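As the structure lists them, so they are numbered: ligands from 1, and atoms in each ligand from 1. Keep in mind that this is a model prediction, so the values were computed, not measured.
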Amino acid sequence: MLQDLLQTQLMYLKGIGPDKAALLKKDLGLSTFEDLLYYFPFKYIDRSSVYKISELNEDLPYIQVAGKIEKIQEVGQQKGKRLVAHFRDETGVMELVWFQKAAVIKQYIKPGMEFLAFGRPVLFQNKFSIVHPELEKIEAHKDYSQIIRIKPIYSTSERMKRKGLDSGGLHVLIRGLLEKIGPELEEVFPESLLAKHQFLSRREAFYYIHFPDDFEKQKRANYRLKFEELFLVQYRILKLKNNRDRDIRGHIFDKVGNYFNTFYEKHLPFELTNAQKRVIREIRQDMKTGKQMNRLLQGDVGSGKTVVALMSMLLSLDNARQACLMAPTEILATQHYQNIIKLIDGLGLNVRLLTGSTKVRERKLIAEELQSGKLDILIGTHALLEEWVKFLGLGLVVIDEQHRFGVQQRAKLWGKGPIPPHILVMTATPIPRTLAMTLYGDLDISIIDELPVGRKTIQTKHYYESQRLAVFGFIKKELQSGRQVYIVYPLIEESETLDYNNLMAGFEAIEREFPRPEFHVGIVHGRMAAADKEFEMQRFKKGETNILVSTTVIEVGVDVPNASIMLIESAERFGLSQLHQLRGRVGRGANQSYCLLMTAYKLSSDASTRLKTMVQTSNGFEIAEVDLRLRGPGDLIGTQQSGLLNMRIADLSKDQAILQSARHAALELMNEDSELQKKENQALAAFIRDYEKSRPDWSIIS
Ligand code: ADP
Ligand code: MG
C-alpha cells in the first residue's frame with residue numbers, strides 16, 4: 001500500500017541510518033518517506049549550456065564555463081586574503097576566487113587542469129570572476145550527454161553538509177526513494193481532469209520536480225503538484241460548505257418589516273452607496289432562503305459596514321428574532337453601541353451593551369431580558385460568548401473586525417438557540433483573494449468596494465526626523481483651524497518597557513510643543529485601565545482634547561470625524577496593513593485629511609516599500625497584496641491560522657491563477673459527483689481520505 005509506504009520512517013531508506021534520520025528530522029523536519037518525497041528543490045541550476053567567457057555579463061544567473069586553469073596565487077592581506085586562479089577558454093580569461101580553505105583547494109586544482117566551473121559571474125576590477133565556484137573535472141573519456149543538465153538545489157544545514165547530506169547528498173537519497181516508491185505513485189486525478197489541463201502523470205510530476213530533463217518538464221511538474229495541493233485544500237473547504245448548506249437549516253427571514261422600512265425611510269442619515277445596497281441585497285437573499293448564512297463582509301475602513309450590519313439586524317428583528325454584535329475591544333463595542341442607539345432612536349428597540357466591565361446588576365437585567373425576549377439587540381465584546389448569555393431566539397450574529405474564529409467559539413454561538421443563527425463577519429483588513437479563498441473559502445463573500453461620496457482622499461506623506469519642526473508647524477495650523485490630531489507610537493507588545501518609555505517621552509514632548517491652555521493633549525495606551533481609556537477616548541471624541549497620543553489601541557474602528565491628521569511615529573516599525581488601518585482613522589469627516597509618516601533615515605528595503613506603498617495608494621486591496629508579498633501568508637493572517645496556509649509547494653502570494661483553476665475544478669467535481677461515487681473518481685476519493693487523515697489542523701475551520 002502506497003500510504004503505508006509513505007509513512008515509513010526515513011531510517012529505513014537505503015543510505016540513512018539512525019544518525020542521519022535524526023539529523024533530517026532535527027534540521028529539516030523530515031521524518032517519513034512522504035516528507036522526503038515532498039522536500040522539493042528551492043532552485044535549479046541550468047547546466048544545459050556552457051557559456052564562453054566572452055559572453056559573460058553581470059545579469060546572468062548561475063551558469064557554467066568550461067576552461068583550463070593557468071596559474072594559481074594567493075593575493076591580498078588579512079581579511080582580503082584570497083586564492084585566485086586564472087581560468088581560460090578559447091575566448092578569454094576570468095578568475096575563480098576563494099576566500100576560505102585555500103590550502104585544501106590548492107591540493108585539488110593545478111595549472112593545466114580542465115574544469116567546468118559553476119556559479120554566478122560578477123564583474124570585479126574589469127574582470128569577470130566567480131566566487132567559490134563549484135568545480136567539476138572534465139575528463140577525456142566521460143560521456144557528457146549523461147551529465148545532469150539541470151541541477152536541483154535543496155537547502156540543507158551546515159551540520160548536514162558535514163555528514164554528507166549536502167544538496168547532492170539529498171539528491172542521491174531522493175533518487176533512492178523514487179526508485180523504491182515510484183512504481184506505486186499511481187494517478188489520483190480522473191482522466192478528464194488530466195486531459196483538460198494536460199497534466200503530467202503524478203509519477204512523472206514527482207520524478208521531474210526532482211530530476212528534470214529540461215525546464216519545460218520541470219515547469220509542468222511544478223504546476224501539476226501545486227494544482228494538486230491547492231485542489232485538495234479547495235475541495236475540502238468547498239465540501240465543508242456543501243455539507244453545511246445541505247445539513248443545516250437556518251432561520252427563514254422572509255419579511256422586510258417595520259423596523260427595516262422605517263429606518264430606511266426615516267432614520268438613515270445619508271443615501272446608501274451602491275455597494276452598500278448590493279451587499280444588503282446579498283445578505284437578504286441568503287437570509288430568506290432557509291439556508292444558514294455564513295458571510296464575510298469585506299470593506300475598507302470608512303466604507304460604511306456598520307450601517308449594513310445594523311440593517312441586517314433590523315431584518316432579524318422584523319422576523320421576530322434577536323440579534324447581537326460582537327467587537328474585539330471594549331472601546332469598539334462601546335462605540336458601536338453609541339452609534340447604533342443614536343441611529344435607531346425612536347424605533348422603539350431595546351439595545352444593551354455587554355463588556356467585561358458591565359456591572360453585575362446590568363448583567364442580571366440583560367440575562368432576564370434576553371430570555372424574555374425583551375432585549376432586541378445585544379452589543380458587546382467576547383463577553384457575549386459567556387455561558388449565561390442565552391437568547392430567546394437569536395437570529396443573527398455580527399462579528400466586527402475579527403479574523404476567523406474557531407470551532408469552539410462558533411459552537412458557543414450556535415448553542416445559544418435551537419436554530420443556528422445567521423453569521424456575518426466583517427473585516428476592514430482586506431484579504432487578498434488567494435488567502436480569502438483558502439481561509440474563508442467556505443464563506444460567501446461580500447465586498448463594499450466604494451466609499452461614500454464626498455470623501456476626500458487622505459494625503460499621505462513621508463517625513464524624516466529632521467523635518468519634524470515643519471510637521472509640527474503644520475499640525476499647529478490644523479489645530480488652530482479647529483481640527484484634531486492623532487499621534488501614534490509603536491507598541492508592538494504592550495508590555496515592552498522601552499516602547500512604553502518612548503511613548504511617555506513622546507507624550508511629554510508633545511505637551512511641551514502644544515502647551516495649555518491653548519491645546520489639550522490626551523493619552524491612551526494598553527496599560528491603562530479600561531475605564532480610563534474609555535474616558536480619554538470620550539474626551540477626544542467630544543473635542544475636549546485636541547491631540548490624542550496613543551499606541552495602536554486606536555487601530556480599529558474608532559470614529560472621530562473632526563480628526564484630520566494621523567501622525568505615525570517610527571512608521572517604519574509598523575506593518576503595512578496596520579499603517580493602512582491607522583490611516584483610516586482620519587478622513588471620516590468633510591475636511592481634507594492627512595496621514596504623516598515619520599521615520600528615521602535608515603530604512604530596510606521592506607520598510608521603504610511599505611512607506612512608498614502607503615504614499616502611492618489608498619486602496620486596501622492593493623495594499624493587502626503588497627503586504628502578502630512582503631510578509632508571506634503566515635504572518636499576514638497570524639500564527640493561529642497559519643497551519644491552514646502551510647503549503648508544501650504552492651505559494652499563496654504567487655499562485656493565484658493556479659488556485660483559481662484548482663478551485664474551479666473542485667467546484668465542478670462537487671457539482672458532478674459530490675459524494676465521489678463515480679468509478680473514475682475512486683482513486684481521488686481514497687487520496688482525499690488519506691489527505692484528511694494526515695491534516696488534523698483542518699478542524700479549526702469547521
Ligand atoms: P467602517 O466600514 O470602517 O466600519 P463605518 O461604518 O464606521 O465604516 O462608517 C464610516 C463613516 O461613514 C460613519 O461615520 C458612517 O456614518 C458614514 N457613512 C456610512 N455610510 C455612508 C454613506 N452611504 N454615505 C455617507 N456616509 C456614510
Ligand atoms: Mg467599523
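With a heavy-atom cut-off of 4.0 Å, M426 does not touch ligand 1 at all.
For T545, the side-chain hydrogen bond (donor to acceptor under 3.5 Å, both in side chains) criterion is met by no residue, not counting sequence neighbours. For R278, the salt bridge (Lys or Arg N to Asp or Glu O under 4.0 Å) criterion is met by E282, D449, not counting sequence neighbours.
With N258 contributing its side chain and D318 its backbone, the two residues share no donor-acceptor pair below 3.5 Å.
Atoms of ligand 1 lying under 4.0 Å from at least one heavy atom of E271, given by number and element, are 22 (C), 23 (N), 24 (N). Every atom of ligand 1 with a heavy atom of R588 under 4.0 Å away is listed here by number and element: 3 (O), 7 (O), 10 (C). Short contacts between ligand 1 and L272, defined as distances under 4.0 Å to a heavy atom of the residue, involve ligand atoms 23 (N). For ligand 1, the atoms sitting less than 4.0 Å from at least one non-hydrogen atom of T273 are 23 (N), numbered in the order shown with element in parentheses. Taking every heavy atom of T306 and a limit of under 4.0 angstrom, the matching atoms of ligand 1 come to 4 (O), 5 (P), 6 (O), 7 (O). If you number the atoms of ligand 1 from 1 as listed, the ones under 4.0 Å from a heavy atom of S303 come out as 2 (O), 8 (O).
Between the side chains of H462 and T599, at least one donor N or O lies within less than 3.5 Å of an accepting N or O. Checked by atom type, the side-chain pair Q538/E534 shows a donor-acceptor distance below 3.5 Å.
Ring geometry for H525 against Y500 counts as perpendicular: the plane angle is over 60°, on a 0 to 90° scale with 30° as the lower cut.
Of the polar atoms of P452, none of the N or O atoms is found under 3.5 Å from an N or O of ligand 1, judged by distance alone. Considering backbone and side-chain atoms alike, G304 places an N or O below 3.5 Å from some N or O of ligand 1.
Residue contact check for ligand 1: G299 places no non-hydrogen atom closer than 4.0 Å to it.
Remark: K241 engages D444 in a salt bridge, criterion side-chain N to carboxylate O under 4.0 Å.
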